[in-house]
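Note that the coordinates shown come from a computational prediction; the quantities given were computed from them, not determined experimentally. Just so it is clear, the values below take in all heavy atoms, side chains as well, and ignore hydrogens, waters and symmetry mates.
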Amino acid sequence: MQKGFLIDMDGVIYRSSELIPGAREFIDTLQRSDIPFMFLTNNSQRTRRDVATKLERMGIPVTEKHIFTCAMATARYLARQQPGGTAYVIGEGGLQTALHKNGYAVVDKSPDYVVVGEGRTLSFEMLETAVQMVLDGAKLIATNLDPNCPTKNGTRPGCGAIVSLIEEATGVKAFSVGKPSPVMMRQARKELGMATSETIMVGDTMETDILGGVQMGYRTVLVLSGGTKREDLANYAYQPDLIVDSVADLCDTSVLIHQVLPTYNREDDTPHDIDAWSKAHAG
């Protein structure tokens, strides 16, 4: 059976600037076995090239095609909603680059959208501007709703914390595109080239990685090397298909696939190639 992996990074592949033991071996296994995989990140600061370079320098040899960011998901979503639109951006290079690549102009007056991502250059003046734009009719978009971001120095406010200020000031609820939104989860699966039943989501966070995978019908693997402890699972109405200490336990992909991808009826599966599906079901 075909299979492909969507893999979170922070807490799964590395913590801060250090690789988690077994991460390099896991990715090597996927590459040697020609198993498709893609890293998903809710961090909109960096471009996919930046992220690939960071991983490569940490000893994970990947290319841009292995990276999918919430900034990319947001820009593609907006390009479908309103092609050639405009956006006022609270965020950094990764988000602005993704918007430009998808035909959007970044403006400081009368935007179609106010788009909020992570940023280290946030000012109260920027927030005031965003609030007034939303009150004047601009639609509010969040690249993700993560309340905080881990850093090497501790924790800083995330996109969710920033956008909540604008929501409270305007009474307007933001639409979020990043994990666990099906917008990003579906886009990533399609880019990976897998059908729903062929997709395995590997993550360390129940509220984003596992929830997003469960909602999409993907198989899910929770690693305990990040923000979730085994005892935390009693607090959730949904559960992962497999729980492991770290990705070091996933290096034997034959065992993994047997555990999380049992044979079952795929008649209602989501096709990744609609033309091929149509031909297969013609007549």
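Judged purely by atom type and a 3.5 angstrom limit, Asp146 has no side-chain atom pairing as donor or acceptor with the backbone of Gly160. Judged by distance alone, the side chain of Arg48 and the main-chain N or O of Glu64 form a donor-acceptor pair under 3.5 Å. For Arg24 (side chain) and Met58 (main-chain N/O), a donor-acceptor pair under 3.5 Å exists by modelled atom type. Checked by atom type and distance alone, the side chain of Glu198 pairs as donor or acceptor with a backbone atom of Ala195 at under 3.5 Å. Panel note: side chain Tyr104, backbone Leu78; a donor-acceptor pair is recorded below 3.5 Å. Side-chain N or O atoms of Thr205 include none that pairs as donor or acceptor with a backbone N or O of Thr208 at under 3.5 Å. In this structure, Ser164 contributes its side chain and Ala161 its backbone to a donor-acceptor pair below 3.5 Å.
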From CA spacing to verdict: side chain to side chain donor-acceptor pair (under 3.5 Å), Asp204, Thr228: CA-CA 6 Å; Asp204 72 312; Thr228 303; 5.8 Å; no
Thr53 vs Asp50, side chain to side chain donor-acceptor pair (under 3.5 Å): CA-CA, chis, key distance, verdict: CA-CA 5 Å; Thr53 299; Asp50 297 336; 5.8 Å; no
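For the atom pair Ile67 CD1 and Met9 CE, the distance stands at 5.5 Å (nearest 0.5 Å). Here the straight-line distance linking atom CG of Asn144 with atom OG1 of Thr74 works out to 8.0 Å at 0.5 Å rounding. In this structure, CZ on Phe37 lies 3.5 Å from NE2 on His66, to the nearest 0.5 angstrom. Rounding to the nearest 0.5 angstrom, the gap separating the CG atom in Leu140 from the CD atom in Glu167 is 6.0 Å.
Within the 4.5 Å cutoff, the side chain of Leu40 has heavy atoms near those of the Met184 side chain.
For Lys54 and Tyr14, the positive end sits near the middle of the six-membered ring, less than 6.0 Å away and at most 45° from its axis.
The shortest non-hydrogen separation linking Met194 to Arg189 is O-NH1, 2.9 Å. The shortest heavy-atom contact between Thr143 and Cys159 is OG1-SG, 3.7 Å. Residues Gly11 and Ser225 come closest through the heavy atom pair O-OG, 2.7 Å. The two atoms that bring Ile90 and Ala130 nearest to each other are CD1-CB, 3.9 Å, heavy atoms only. Nearest heavy atoms, Ala138 versus Val114: CB-CG2, 4.0 Å.
Using a 4.0 Å cut-off between charged side-chain N and carboxylate O, Glu56 and Arg49 make no salt bridge. Ion pair Lys179/Asp209 flagged as a salt bridge, since at least one NZ, NE, NH1 or NH2 atom sits closer than 4.0 Å to an Asp/Glu carboxylate oxygen.
Heavy-atom contacts from other residues, nucleotides or ligands closer than 6.0 Å to CD of Glu231 number more than 12. Counted within 6.0 Å of CZ on Arg57, heavy atoms from surrounding residues, nucleotides or ligands total 12 or fewer; the atom is thus considered open.
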